[in-house]
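Every chain is numbered from 1 and lettered A, B, ... according to where its sequence line falls, protein lines coming before strand lines. What you see is a predicted model, and the numbers here were worked out from it, not measured in a lab.
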Number of protein chains: 2
Amino acid sequence: MEVFTDLVEQLRRRGERLTPQRRLVLEILQNSEQHLSAEAIARAIVLRYPNLQIDQATIYRTLKWLHQHDLVSETSLGGNHMVYSLLSAHHNHHHLVCDQCHTVIEVEPELLVPVAAALQERYGFQARLAHISLFGTCAACRLQDEGEV
Amino acid sequence: MEVFTDLVEQLRRRGERLTPQRRLVLEILQNSEQHLSAEAIARAIVLRYPNLQIDQATIYRTLKWLHQHDLVSETSLGGNHMVYSLLSAHHNHHHLVCDQCHTVIEVEPELLVPVAAALQERYGFQARLAHISLFGTCAACRLQDEGEV
DNA sequence: AATACAGCTGCAACTATTCGCACGAGGTCG
DNA sequence: CGACCTCGTGCGAATAGTTGCAGCTGTATT
Ligand SMILES: [Mn+2]
Ligand SMILES: [Mn+2]
Ligand SMILES: [Zn+2]
Ligand SMILES: [Zn+2]
């Protein structure tokens, strides 16, 4: 939890509140190296603190809040649920998701830096382009498609 | 409906079927200049053909199918539903969506061409980057945020 | 025109996520 | 420390979108 002391202080100065529920979600994300779904986070909380309870709506609201404040990424990998992870070095990449075979390719974050810069310059728009997904067709599936035409 | 004769033929050659339901959805999208939600499409169908019926699941499946075949875009504008439109000149742009004030800025499609090219070249990945949204904070909201820190 | 079968469709149940509301609890000020 | 106000939480209901399944239909073949 100590890693976030400064971030938490920053939020507090903005008038944001740090509740036990928010600490809990933050702690679970901190201790995971992977993307987690909201449901996985709920399960992890119950597993670690069997006597605590936290509502699913609160988990979603907390994740949205963390995302809004650039502490957490909210990413679709093509499945029917979002996945969440701390914005840390471990998750410093983007995803190419194949619509057909659902393969996920991780790509270097630098790829979108020029786009972000252009948006900032031309529109003053600060794009949230960390740990996102781009969808399409992977090389293998495209070859297969061509063969069928 | 005639605009799509060749596309439809292409799909048919691939073994895809053109059912009345699919024609219907295509027709509604064709006659709209705007983005439409699945529900709006359903309403438009009922309005035009009051005696016909079409299941919502079929509409969703049809839209996904059209999207898969690059005839239709499926886009989030930050609301709680997706919007759909034909991939035509009228919708030849991307969107910058402000997470805070929900403003949508339309930007030139060329912005993402270099990204698509890089993905194609380095990974053989054919990204589906037509009429998509990028999320973040608009200029006005960012100024306001800075003032509050 | 009849056959055959893969691929659609309708239906109803199901999932992930959101929302309204009444109550509870962080943070601030004195 | 206690009051106050604002914001967060739990709860239950609502929403958008998905899925399994059994029956139907577009399309190719004859
Ligand atoms: Mn990742
Ligand atoms: Mn648009
Ligand atoms: Zn693939
Ligand atoms: Zn804004």
Side-chain angles (χ1 to χ4, degrees), chain A residues 8-26 35-43 45-46 49 51-69 71-84 99-100 102 135 148, chain B residues 1 5 8-26 35-43 45-46 49 51-69 72-84 99-100 102 133 135 148:
Chain A
V8 155
E9 259 316 301
Q10 233 176 49
L11 289 175
R12 199 175 271 169
R13 244 176 278 123
R14 292 193 194 186
E16 304 290 340
R17 295 182 188 173
L18 195 51
T19 66
Q21 291 89 338
R22 288 177 174 180
R23 287 177 184 277
L24 224 41
V25 171
L26 214 35
H35 316 130
L36 294 177
S37 67
E39 196 222 347
I41 292 170
R43 268 187 281 116
I45 290 175
V46 172
Y49 302 101
N51 46 336
L52 283 189
Q53 68 159 21
I54 177 171
D55 194 78
Q56 51 160 231
T58 300
I59 293 180
Y60 281 110
R61 285 187 283 228
T62 298
L63 289 169
K64 193 131 292 180
W65 176 78
L66 289 167
H67 180 50
Q68 214 78 342
H69 289 285
L71 288 174
V72 161
S73 63
E74 181 188 51
T75 312
S76 164
L77 294 177
N80 53 345
H81 55 72
M82 292 282 157
V83 292
Y84 303 84
D99 288 324
Q100 299 189 38
H102 310 296
F135 296 89
E148 284 169 4
Chain B
M1 186 61 52
T5 305
V8 155
E9 259 316 301
Q10 233 177 51
L11 290 174
R12 199 176 269 169
R13 244 177 277 125
R14 292 192 193 186
E16 304 289 342
R17 296 181 187 175
L18 195 51
T19 66
Q21 290 87 341
R22 288 178 174 180
R23 287 177 185 278
L24 224 42
V25 171
L26 214 36
H35 314 131
L36 294 177
S37 67
E39 197 222 347
I41 292 171
R43 268 187 281 117
I45 291 176
V46 172
Y49 302 100
N51 44 339
L52 284 188
Q53 67 158 23
I54 177 169
D55 194 77
Q56 54 157 228
T58 299
I59 292 180
Y60 281 112
R61 284 188 283 228
T62 298
L63 289 169
K64 194 133 290 182
W65 175 78
L66 290 168
H67 180 51
Q68 214 78 343
H69 290 285
V72 161
S73 63
E74 181 187 51
T75 311
S76 165
L77 294 177
N80 53 345
H81 55 71
M82 292 282 157
V83 293
Y84 303 85
D99 288 325
Q100 299 189 37
H102 311 296
S133 293
F135 296 88
E148 283 171 5

K.L.:
Find the distance A:Q68:CD to D:dG8:P and express it as a whole number of Å.
P.N.:
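Answer to the nearest Å: 12 Å.
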
K.L.:
Could you check whether B:Q53 gets within reach of a base, just the sugar-phosphate, or nothing at all, counting any heavy atom under 4.0 Å?
P.N.:
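Counting heavy atoms under 4.0 Å across all strands, the contact made by B:Q53 is with sugar-phosphate only.
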
K.L.:
Write down the distance between CD (B:E16) and P (C:dT9), rounded to a whole number of angstrom.
P.N.:
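After rounding, the reported distance stands at 11 Å.
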
K.L.:
Are the side chains of B:Y84 and B:H35 in contact, using a 4.5 Å heavy-atom criterion?
P.N.:
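Side chain of B:H35 against side chain of B:Y84, heavy atoms only: no contact under 4.5 Å found.
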
K.L.:
Taking all heavy atoms of A:Y49 and all of A:L24, pick out the closest pair and write down the distance.
P.N.:
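In this case the closest contact between A:Y49 and A:L24 is CE1-CD1, 3.6 Å.
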
K.L.:
Contact class for A:D55 (heavy atom, under 4.0 Å): base, sugar-phosphate, or nothing?
P.N.:
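The residue A:D55 makes base contact.
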
K.L.:
Would you mind telling me which of C:dA6, C:dG10, D:dA16 lies closest to the side-chain atoms of B:H81?
P.N.:
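Nearest listed nucleotide: D:dA16.
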
K.L.:
Take the protein atom NE2 of A:H69 and the nucleotide atom C1' of D:dC7, then report the distance between them rounded to whole Å.
P.N.:
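Rounded to the whole Å, the gap is 12 Å.
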
K.L.:
Starting at CG of B:L66 and ending at P of C:dC8, how long is that distance when rounded to a whole Å?
P.N.:
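Value for this atom pair: 12 Å.
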
K.L.:
For A:E74 and C:dA16, give me the distance from atom CD to atom P, rounded to whole Å.
P.N.:
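The answer, rounded to whole Å, is 15 Å.
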
K.L.:
Do A:T19 and A:T62 come within less than 4.5 Å of each other through their side chains, counting heavy atoms only?
P.N.:
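Counting from C-beta outward, A:T19 and A:T62 never come under 4.5 Å.
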
K.L.:
Under 4.0 Å between a side-chain N or O of B:R61 and OP1 or OP2 of C:dC8?
P.N.:
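No, B:R61 has no side-chain N/O under 4.0 Å of OP1/OP2 on C:dC8.
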
K.L.:
Taking for each residue the nucleotide of DNA chain D bearing the nearest heavy atom, is the 5' side occupied by A:P20 or by B:Y60?
P.N.:
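Going by which nucleotide is closer to the 5' end, it is A:P20.
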
K.L.:
From the options D:dG17, C:dC11, D:dT6, select the nucleotide whose nearest atom is closest to the side chain of B:A57.
P.N.:
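The answer is C:dC11, which lies nearest to the side chain.
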
K.L.:
Which nucleotide in the set D:dG17, C:dT18, D:dT9 lies at the smallest distance from any side-chain heavy atom of B:M82?
P.N.:
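Selected nucleotide (nearest to the side chain): D:dG17.
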
K.L.:
Between C1' on C:dT17 and CD1 on A:I59, what's the gap in Å once rounded to a whole number?
P.N.:
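Rounded to whole Å, this separation is 12 Å.
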
K.L.:
Counting only side-chain nitrogens and oxygens, does B:Q21 get under 4.0 Å of the OP1 or OP2 atom of D:dG26?
P.N.:
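False: B:Q21 side-chain N/O out of range (4.0 Å or more) of D:dG26 OP1/OP2.
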
K.L.:
Is any side-chain nitrogen or oxygen of B:T19 closer than 4.0 Å to OP1 or OP2 of D:dG26?
P.N.:
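Indeed not, no polar side-chain atom of B:T19 lies that close.
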
K.L.:
Kindly indicate whether the side chain of B:R17 and the base of C:dG7 share any N or O donor-acceptor pair separated by less than 3.5 Å?
P.N.:
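In this structure, the two groups form a donor-acceptor pair.
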
K.L.:
Can you tell me if B:K64 touches the phosphate of D:dT18, counting only side-chain N or O atoms and a distance under 4.0 Å to OP1 or OP2?
P.N.:
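Checking B:K64 against D:dT18: at least one side-chain N or O falls below 4.0 Å of OP1 or OP2.
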
K.L.:
Counting C-beta onward and ignoring hydrogens, is there a side-chain heavy-atom pair between B:H81 and B:V83 closer than 4.5 Å?
P.N.:
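Side-chain contact under 4.5 Å: yes.
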
K.L.:
Write down the distance between NE2 (A:H67) and C1' (C:dT17), rounded to a whole number of angstrom.
P.N.:
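After rounding, the reported distance stands at 15 Å.
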
K.L.:
Tell me, do B:Y60 and B:T58 make a side-chain contact under 4.5 Å, heavy atoms counted?
P.N.:
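No. Closest side-chain heavy atoms not under 4.5 Å.
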
K.L.:
Please figure out whether A:V83 or B:I54 has its closest DNA chain C nucleotide nearer the 5' end.
P.N.:
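It is B:I54, whose closest nucleotide lies nearer the 5' terminus.
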
K.L.:
Could you state the atom-to-atom distance from CG of B:N80 to C1' of D:dT18 in whole Å?
P.N.:
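Atom CG in B:N80 sits about 17 Å away from atom C1' in D:dT18.
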
